[in-house]
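To start, the structure itself, in structure tokens.
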Amino acid sequence: MTSADVRIFPNLEELSREVAREFESLAERATTAGRHFCAALSGGSTPRPLYEMLGGAGFRIPWSSVELFQVDERCVPPGDPQSNFRMLREALLDRAPVPNFHRMRAEDRDLDRAARDYATELERALGPQPGERPRLDFVLLGMGPDGHTASLFPGSPALGEELRWVCPNYVEKLKMYRLTLTFPVINAAERVVFLVAGSDKAESLREVLEDSETQLPAARVHPASGRLTWYVEQSAAELL
Ligand code: 6PG
């Protein structure tokens with residue numbers, strides 16, 4: 001059995017509420033300490049209920065001292081139905097006062113420039129020492145049925161990126177480019193949480209958590225000096 005920190009919930013709503021509570025607590029703690037809380041959020045569908053909760057009246061998030069980043073973005077216009085920004089805007093940004101949101105400009109025709117500019121935004125907000133990686137307070141990840149996380153897909157070029165913090169990544173099976181944080185930045189974070197739901201992810205989740213030989217990208221998330229927790233809805237945990 002895995003030694004990973006895995007918390008299983010009967011449904012996505014209860015899972016999302018628990019993660020929202022943790023987000024609120026960590027953000028309040030940072031604010032009390034006089035610091036900004038720097039968080040990077042993934043797209044996809046699983047985290048939408050969480051983002052709706054964070055944008056609702058049930059949680060008191062000190063948004064004025066939160067810097068929100070994106071983990072990854074599809075290379076489409078920001079109003080496109082596939083856009084992670086559009087989902088975040090609908091679920092959270094249009095419903096709560098989030099003054100410090102950093103959008104990935106993945107619609108830019110020059111993706112290397114967009115990646116460099118985003119890395120500069122991370123550097124300005126997090127102020128790493130020269131030669132160090134930016135240390136995000138919180139990174140929220142999902143996992144696809146193929147074991148990808150962020151936009152780090154099996155067999156894709158960005159899997160091997162060790163220097164850049166943000167980079168374009170061509171995803172062959174989707175025939176499209178993405179912009180994504182890289183493993184060096186994800187693994188430098190203080191706190192990393194995965195949200196995984198749905199029986200279609202059960203086999204990949206078993207492999208990531210229990211097969212030490214796995215090559216699935218999600219298995220490469222190991223915060224060097226941070227804490228990692230898997231928040232799993234029970235149908236995704238059925239093979240654990
Ligand atoms: C994206 C996400 C991606 C997502 C997984 C899971 O842009 O799609 O950042 O990494 O977390 O694909 O997506 P679901 O939550 O929709 O299953």
Side-chain angles (χ1 to χ4, degrees), residues 9 11-13 15-16 19-20 39-54 68-92 101-107 111 114-115 118 136 138-159 161 165-183 185-187 189 192-205 207-208 216-221 228-238:
F9 294 80
N11 56 63
L12 184 56
E13 182 181 355
L15 181 157
S16 303
V19 179
L41 303 179
S42 281
S45 56
T46 304
R48 185 165 188 146
L50 165 64
Y51 301 157
E52 288 169 350
M53 287 180 187
L54 293 176
L68 267 194
F69 293 90
Q70 290 186 259
V71 165
D72 65 336
E73 184 56 280
R74 293 85 182 273
C75 293
V76 296
D80 188 291
Q82 288 191 77
S83 163
N84 286 334
F85 166 72
R86 175 171 162 170
M87 184 272 284
L88 269 165
R89 181 173 54 73
E90 292 170 350
L92 174 56
F101 176 77
H102 303 266
R103 185 174 75 82
M104 276 187 175
R105 285 162 171 68
E107 73 279 11
L111 289 177
Y118 207 72
L136 285 157
F138 186 89
V139 176
L140 188 142
L141 298 174
M143 187 186 75
D146 62 358
H148 83 263
T149 189
S151 282
L152 299 163
F153 285 76
S156 65
L159 284 179
E161 180 61 51
W165 303 347
V166 188
C167 73
N169 197 27
Y170 184 70
V171 184
E172 180 61 38
K173 75 174 191 178
L174 302 175
K175 300 286 188 248
M176 75 180 301
Y177 275 94
R178 301 274 191 98
L179 269 190
T180 186
L181 296 187
T182 58
F183 284 122
V185 171
I186 293 168
N187 284 328
V192 180
V193 298
F194 272 98
L195 273 60
V196 185
S199 55
D200 61 332
K201 300 178 181 179
E203 175 48 35
S204 288
L205 186 62
E207 181 178 334
V208 164
L216 294 181
R220 293 181 53 180
V221 174
L228 168 63
T229 298
W230 292 80
Y231 285 87
V232 181
E233 176 269 333
Q234 68 183 11
S235 65
E238 62 197 8

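Counting starts at 1 for both ligands and their atoms, in listed order.
- With respect to atom 17 (O) of ligand 1, the closest heavy atom belonging to the protein is K201 NZ, 2.4 Å.
- Distances from atom 8 (O) of ligand 1 to the heavy atoms of R48, Q70, Q82, R74 put R74 nearest.
- Within the 4.5 Å cutoff, the side chain of S151 has no heavy atoms near those of the Y177 side chain.
- Residue S151 has no nitrogen or oxygen atom sitting less than 3.5 Å from a nitrogen or oxygen atom of ligand 1, judged on distance alone.
- Atom 6 (C) of ligand 1 has M143 O, 3.6 Å as its closest protein atom, hydrogens excluded (heavy atom only).
- For the pair T182 (side chain) and W165 (backbone), a donor-acceptor distance under 3.5 Å is present.
- Ion pair R48/E90 flagged as a salt bridge, since at least one NZ, NE, NH1 or NH2 atom sits closer than 4.0 Å to an Asp/Glu carboxylate oxygen.
- Panel note: side chain E73, backbone N84; a donor-acceptor pair is recorded below 3.5 Å.
- In this structure, L141 CG and H148 NE2 are separated by 10.5 Å, a value rounded to the nearest 0.5 Å.
- In this structure the side chain of E161 never reaches within 4.5 angstrom of the side chain of T180, judged on heavy atoms.
- In this structure, R178 is part of the shell of residues with a heavy atom less than 4.0 angstrom from ligand 1.
- Close to ligand 1: D72, with a non-hydrogen atom less than 4.0 angstrom away.
- Heavy atoms of L141 found under 4.0 angstrom from ligand 1: none, in either backbone or side chain.
- Checked by atom type and distance alone, the side chain of R74 pairs as donor or acceptor with a backbone atom of Q82 at under 3.5 Å.
- Interface atoms of ligand 1 facing S45, defined by a heavy-atom separation under 4.0 Å, are 14 (P), 15 (O), 16 (O).
- With respect to atom 11 (O) of ligand 1, the closest heavy atom belonging to the protein is G142 CA, 3.3 Å.
- Between P81 and R86, some side-chain heavy-atom pair lies under the 4.5 Å cut-off.
- The nearest heavy-atom contact from the protein to atom 15 (O) of ligand 1 is T46 OG1, 2.6 Å.
- Here the closest heavy-atom approach between residue Y118 and residue H102 is recorded as OH-O, 2.7 Å.
- Checking A218, A236, A150, P217 against atom 3 (C) of ligand 1, the nearest heavy atom belongs to A150.
- In summary, the atoms of ligand 1 found under 4.0 Å from a heavy atom of N84, numbered by their order in the structure, are 1 (C), 7 (O).
- Here H148 has side-chain heavy atoms under 4.0 Å from ligand 1, and that is the only part of it that gets that close.
- The closest non-hydrogen atom to atom 13 (O) of ligand 1, taken over P145, G44, S42, comes from G44.
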